[in-house]
*Asks:* 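So that we are looking at the same thing, I have put the structure below in structure tokens.
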Amino acid sequence: MPRHFLSLSDAGPDGIAAMLADALDRKFARQGWPKGRADADAPLAGHVLACVFEKNSTRTRFSFDGAMRQLGGDVIISDSSQMQLGRGETVADTARILSGYCDAIMLRTDDHAKLEEMAAYASVPVINGLTDASHPCQIMADLLTVVEAGKSLPGLKVAWLGDGNNVLASLVEAATLMHFDVVAACPQGFQPDEEAIVRSSGRARIVASPREAVEGADIVVTDTWISMGQAHAETKLAALAPYQVDAALMAIAKPDAKFLHCLPAHRGEEVSAEVIDGPQSLIWAEAQNRLHAQKSVLRWCFGQI
Ligand code: CP
Ligand code: NVA
């Protein structure tokens with residue numbers, strides 16, 4: 001059975017901890033190197049990754065490409081609209097075809113069921129590059145950024161503000177697995193899946209008040225109010241307006257609290273420019289860590305971790 005990375009639970013706490021340690025080591029070992037130079041051990045030499053995008057991407061596209069190059073491997077990237085997949089060829093047939101050309105498949109899709117179908121029919125590892133339901137690679141990078149900032153995961157208080165979306169779903173899963181707390185302030189109608197909150201065994205809870213979520217938080221996180229594939233609804237923007245992360249809200253968090261955002265960001269909507277471009281923001285390290293975290297995800301998929 002190939003080792004798929006469809007969700008953080010596929011790796012579990014030990015797998016996640018091992019990937020974070022590997023990512024830190026490998027990042028440190030190549031400090032100052034040109035970004036295109038392969039790591040000294042080139043652990044994925046001879047391997048090729050297929051990256052299939054049904055939705056736009058900057059970070060996921062470039063970081064998976066860069067990650068494979070640094071691991072000594074190669075990538076083939078395509079938008080589904082340029083593939084027969086975009087004309088109705090089944091995901092199952094695509095999975096079998098790509099498994100014959102490539103050693104692993106990364107898929108970004110608007111429908112989590114398509115990712116599961118890809119994994120069911122592929123004979124190589126399949127990686128979740130974002131679905132409507134989750135974004136585990138993003139949260140691996142976020143955890144790496146938090147650990148790199150000198151914070152230990154168990155017992156951490158993470159505040160989420162805004163839409164109860166795919167990124168929050170993976171954050172809640174991470175909290176459950178790695179024993180930290182997520183307090184999400186989301187308005188009625190835009191709250192995360194109740195089942196995921198129940199599965200978190202008390203690690204995640206939803207509150208109505210942004211102040212309550214942020215009070216004493218070590219990390220404050222938000223994301224776009226309108227995710228890809230969602231209609232741009234004025235009613236949604238209005239409901240979320242009180243949940244903007246601004247300086248007044250950050251002041252309620254711990255004095256050394258850090259701000260995260262997976263990007264792309266909308267300054268003046270989910271976050272003020274003052275916060276996202278301010279001293280507490282770790283967004284550039286977070287985005288850079290997509291590459292380093294995914295190198296370890298890839299190595300985990302190939303049984304090297
Ligand atoms: N954060 C993230 O996944 O960015 P992209 O949509 O640019 O890949
Ligand atoms: N929630 C966002 C994340 C983008 C990286 C979306 O799905 O569009």
Side-chain angles (χ1 to χ4, degrees), residues 5-8 49-68 75 77-81 105-115 127-146 158 160-174 182 184-187 189-193 196 219-233 236-237 239-240 243-245 259-267 269-271 276 281-295 297-298:
F5 187 74
L6 308 189
S7 72
L8 294 165
L49 171 72
C51 292
V52 179
F53 288 92
E54 264 193 354
K55 292 172 155 182
N56 293 50
S57 171
T58 298
R59 281 143 288 266
T60 306
R61 184 181 293 254
F62 281 78
S63 60
F64 265 106
D65 194 337
M68 279 305 283
V75 292
I77 300 183
S78 184
D79 287 338
S80 62
S81 60
I105 302 166
M106 189 237 74
L107 175 64
R108 168 168 284 199
T109 174
D110 57 9
D111 180 359
H112 195 83
K114 291 187 194 168
L115 180 78
I127 298 171
N128 180 350
L130 179 147
T131 73
D132 56 330
S134 59
H135 197 1
C137 288
Q138 180 64 54
I139 296 303
M140 285 302 299
D142 289 11
L143 298 184
L144 180 60
T145 308
V146 168
V158 180
W160 174 278
L161 278 293
D163 191 25
N165 66 13
N166 46 2
V167 177
L168 175 59
S170 289
L171 181 64
V172 167
E173 193 177 13
V182 174
C186 310
F190 304 105
Q191 296 184 342
D193 177 26
I219 306 288
V220 179
V221 196
T222 190
D223 185 15
T224 180
W225 288 343
I226 311 288
S227 284
M228 289 182 279
Q230 294 178 346
H232 192 92
K236 186 174 186 184
L237 295 180
L240 285 159
Y243 295 79
Q244 183 191 86
V245 180
F259 173 78
L260 295 179
H261 189 311
C262 67
L263 306 179
H266 306 81
R267 289 168 175 80
E269 290 190 12
E270 71 272 11
V271 61
I276 196 167
S281 175
L282 294 181
I283 57 162
W284 307 125
E286 180 185 8
Q288 194 202 119
N289 278 337
R290 291 293 304 277
L291 185 150
H292 299 290
Q294 283 155 204
K295 286 168 72 177
V297 169
L298 285 159

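The figures that follow rest on heavy atoms only: side chains count, while hydrogens, waters and symmetry mates do not. Start at 1 and go down the list; that is how both ligands and their atoms are numbered.
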*Asks:* Looking only at distance, does S227 have an N or O less than 3.5 Å from an N or O of ligand 2?
*Replies:*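 Among all N and O atoms of S227, at least one is under 3.5 Å from an N or O of ligand 2.
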
*Asks:* With a 3.5 Å cut-off and no angle check, do the side chains of T224 and D163 form a donor-acceptor pair?
*Replies:*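 The answer is no; no qualifying pair exists.
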
*Asks:* Write out the residue and atom name of the closest protein heavy atom to atom 7 (O) of ligand 2, then the distance separating them to 0.1 Å.
*Replies:*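 Heavy-atom neighbour on the protein nearest atom 7 (O) of ligand 2: N166 ND2, 2.9 Å.
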
*Asks:* Under the criterion side chain to side chain contact (heavy atoms under 4.5 Å, CB included), which of V146, D142, L260, I219 is the partner of L282?
*Replies:*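 Among V146, D142, L260, I219, the one that satisfies the side chain to side chain contact (heavy atoms under 4.5 Å, CB included) with L282 is L260.
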
*Asks:* Please list, chain by chain and in numerical order, all residues satisfying salt bridge (charged side-chain N to carboxylate O under 4.0 Å, His left out) with R61, sequence neighbours excluded.
*Replies:*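 Partners of R61 under the salt bridge (charged side-chain N to carboxylate O under 4.0 Å, His left out) test: D79.
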
*Asks:* Under a 4.0 Å heavy-atom cut-off, which residues neighbour ligand 1?
*Replies:*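 Around ligand 1, where the cutoff is 4.0 Å for heavy atoms, the contacting residues are S57, T58, R59, T60, R108, H135, Q138, C262, L263, R290.
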
*Asks:* Purely on distance, is any nitrogen or oxygen of M228 under 3.5 Å from one on ligand 2?
*Replies:*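 Yes - when backbone and side-chain N and O of M228 are compared with those of ligand 2, one distance drops under 3.5 Å.
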
*Asks:* What residues form a side-chain hydrogen bond (donor to acceptor under 3.5 Å, both in side chains) with H292, not counting sequence neighbours?
*Replies:*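 So H292 forms a side-chain hydrogen bond (donor to acceptor under 3.5 Å, both in side chains) with Q288.
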
*Asks:* Restricting to side chain to side chain contact (heavy atoms under 4.5 Å, CB included), what partner residues turn up for S63, sequence neighbours left out?
*Replies:*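 Partners of S63 by the side chain to side chain contact (heavy atoms under 4.5 Å, CB included) criterion, ordered by chain and then number, come out as R290, L291, Q294.
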
*Asks:* Looking at H112, is its backbone amide N or carbonyl O close enough to the side chain of T131 to form a donor-acceptor pair, meaning the two atoms are under 3.5 Å apart?
*Replies:*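 Side chain of T131 to backbone of H112, a donor-acceptor pair under 3.5 Å: no, none is there.
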
*Asks:* For H266, is there any backbone N or O sitting under 3.5 Å from a side-chain donor or acceptor partner on E270?
*Replies:*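 Yes; at least one donor-acceptor contact below 3.5 Å.
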
*Asks:* Taking only heavy atoms of D223 into account, list the atoms of ligand 2 that are under 4.0 Å away from them.
*Replies:*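 Going through ligand 2 atom by atom, the ones under 4.0 Å from D223 are 1 (N), 2 (C), 3 (C).
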
*Asks:* Does a donor on one side chain sit under 3.5 Å from an acceptor on the other, for S134 and N166?
*Replies:*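 N166 and S134 do not have a side-chain donor-acceptor pair below 3.5 Å.
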
*Asks:* Show the atoms of ligand 2 that are less than 4.0 angstrom away from any heavy atom in L130.
*Replies:*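 What qualifies from ligand 2 is 3 (C), 4 (C), 5 (C), 7 (O).
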
*Asks:* Output yes when a side-chain donor or acceptor of K236 lies under 3.5 Å from a complementary backbone atom of W225, and no otherwise.
*Replies:*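 Checking the backbone N and O of W225 against the side chain of K236, a donor-acceptor pair under 3.5 Å is found.
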
*Asks:* Only heavy atoms of L263, strictly under 4.0 Å: list the atoms of ligand 2 that pass.
*Replies:*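 Under 4.0 Å from L263, ligand 2 has these atoms: 5 (C).
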
